[in-house]
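One-based numbering along the sequence shown. Because only heavy atoms are used, hydrogens play no part in the values below, and waters and symmetry mates are left out as well, while side chains stay in. Whatever order the structure lists ligands and atoms in, that order sets their numbers, starting from 1.
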Amino acid sequence: DYVGDQIDQHLGRYSQADAVVVGAGFAGMYQLKRLREMGLKTRVIEAGDDVGGTWYWNRYPGARCDIESLGYSYGFDPELEQDWSWSERYATQPEILSYAEHVAKRYDLRKDITFETRVTRAVYDEDTSRWTIYTDTGEAISATYFIMATGCLSVPKEPDIEGAESFEGPTYITGRWPHEGVDFTGKKVAVIGTGSSAIQAIPHIAEQASQLTVYQRTPAYSLPAGNRPLTNQEVSDMKGRYRDFREEQKYNFAGIPKPERALEPAAMVPPEERQRRLEEGWTQGLTGLTTKFADALADEESNAIIADFIRERIKARVKDPEIAETLTPYSYPFGTKRPCLDTNFYETFNRDNVTLVDLRKTPMEKVTPKGIKTSAGEEDFDVIVFATGFDAMTGALLKVDIRGKGGVALSDKWANGPHTYLGIAIAGFPNLFTITGPSSPSVLSNMMVSIEQHVDWVSDCIGWMRERGLGTIEPTEAAEEEWAEHNEAMANQTLFPQANSWYIGANVPGKPRTFMAYVAGVDVYRIICDQVAASGYSGFETA
Ligand code: FAD
């Protein structure tokens, strides 16, 4: 590698920047805008051939946001939010991607983004206090600041099923869907998985395919999205109050101001009122039900009231009682795995051309050249769709070989689970920032709100350093340790650790089991981050 680096430098593939940002999703795009406005020479490196990140890669049929479109957008520019109009209550992937493209054009972002290039390695040099960032196109970029805006859900989990590569027909992974789309007409299709992506894709695939078989391991709790076109009145009402709404997002638990979280635990709410709240929450999207009782995610009995309500509703949507039972989740509390929103997911199992296989009863044995073999036998397919999720939270960070002080590899430092300070910075890795990194609220929130908060915090921190002529900033081990303890204590007050979720790394074999998101809310978290900054970056060392 050393020789390669020397050759690259001699060939002139060695460049200088003030900051390198990895990723051109919503995080990287806004980070570029902020740093450029501060006068930093900034390079963004992106593996895809355009902006959008999640919404660039996940083009599977039915891909849609689960946060209402009026709230899932940038709040940094009052003119931008006036300029753009969302068409549906929940935006489709193509509409969100157009929004990302609109933003890139509006702020002329693409001129500083290098596409179709992957960052493979980054090395910190203690003598110069600079990072060298290496790409798969043979470039080396020296930079003062190194910002990973690589996404929490950007590395699809490769199907860890024996024989997966032996299948003779086409296979697709939802998180890396072909740009030209897939025509399932007349095909016998298998979908493996029933998480968020599968739940969105299955109704669409079932409409095209001659036969669809769904392989389910763990049933999800899914609520009807209630998607519909937005009226002009709704859009203009929001445009009239967007500035207030953005403040409400910032100081809300999940970055989703409505519905508001109830103050009473379920035990204090009389039965008829409980029922009324449940009926109401059922139509209010992702946070409709968890906000109905203050202890919904902390108390088993309170949670069970909600879970029972959802189970009844699932059963009412599926005609065959046995299929309904198979689709009904029992093994974990509601909300401890990411809840799903669907359009006709359960009803799809009422179709004649759709079959459900319960992998808990008949485990998957392998993929064969012709199809899929479970303990109950083998079935042939024309196409297999893997909706098998992501190596979440740490996947993209650890795919890059990041070396901090003393040549320490991030993968070694995190061998027992990710440790960060505030989810933004890592002891031993000066001037490295992680946007929505592990142990920040990230995936437990409206990500747009969390992304903007992190980008603003990092940009302000860099501005503060530059004003003072400081070269480096890095958290202390003690601050990092304290943050980890605080995170764990917070998570342990909730039901989250009870589920084998991707929040905890349980979906990836061998991944250390730690709860990787900050559960106390984006509002509380923002206040903590602001206090750290206001105190002159307590918990950090500068030089
Ligand atoms: P991403 O959009 O993931 O962008 C990261 C970019 O970094 C990618 O383009 C990737 O190619 C690039 N990259 C990574 N590593 C490298 C490397 N080494 N070199 C070069 N480039 C690299 N959030 C919500 O709030 N609400 C939702 O309803 C919601 N729905 C979702 C549905 C799906 C199917 C998925 C996958 C995610 C969803 N999310 C949702 C989360 C979503 O990821 C965030 O909302 C947001 O888009 C993340 O933006 P980002 O810029 O942080 O990361």
Novice: If you count the atoms of ligand 1 from 1 in the order shown, which ones are under 4.0 Å from a heavy atom of C65?
Specialist: 26 (N), 27 (C), 28 (O)
Novice: Measure centre to centre between the rings of Y30 and F76, then say whether the value is under 6.0 Å.
Specialist: yes
Novice: Could a heavy atom of T135 be found less than 4.0 Å from some atom of ligand 1?
Specialist: no
Novice: Is R338 close enough to touch ligand 1? Criterion: a residue heavy atom under 4.0 Å from a ligand atom.
Specialist: yes
Novice: Would you call K399 a ligand 1 contact, heavy-atom distance under 4.0 Å?
Specialist: no
Novice: Verify the distance criterion only: is there a donor paired with an acceptor across the side chains of S222 and D342 at less than 3.5 Å?
Specialist: yes
Novice: Is the cationic atom of R59 (NZ for Lys, CZ for Arg) positioned less than 6.0 Å from the six-membered ring centroid of Y56 and within 45 degrees of its normal?
Specialist: yes
Novice: Is it true that C152 lies under 4.0 Å from ligand 1, counting heavy atoms only?
Specialist: no
Novice: Quick one: does ligand 1 sit under 4.0 Å from the side chain of S445, the backbone, both or neither, non-hydrogen atoms only?
Specialist: backbone
Novice: Which is it for I67 and ligand 1 at heavy atoms under 4.0 Å: side chain, backbone, both or neither?
Specialist: both
Novice: Give a yes/no on ligand 1: does F390 have at least one heavy atom closer than 4.0 angstrom to it?
Specialist: yes
Novice: May I ask whether A149 has any heavy atom positioned less than 4.0 angstrom from an atom of ligand 1?
Specialist: yes
Novice: Would you kindly specify which portion of V22 sits under 4.0 Å from ligand 1, judged on non-hydrogen atoms: side chain, backbone, both or neither?
Specialist: side chain
Novice: For ligand 1, is there an atom lying under 4.0 Å from some heavy atom of Y56?
Specialist: no
Novice: Would you call I435 a ligand 1 contact, heavy-atom distance under 4.0 Å?
Specialist: no
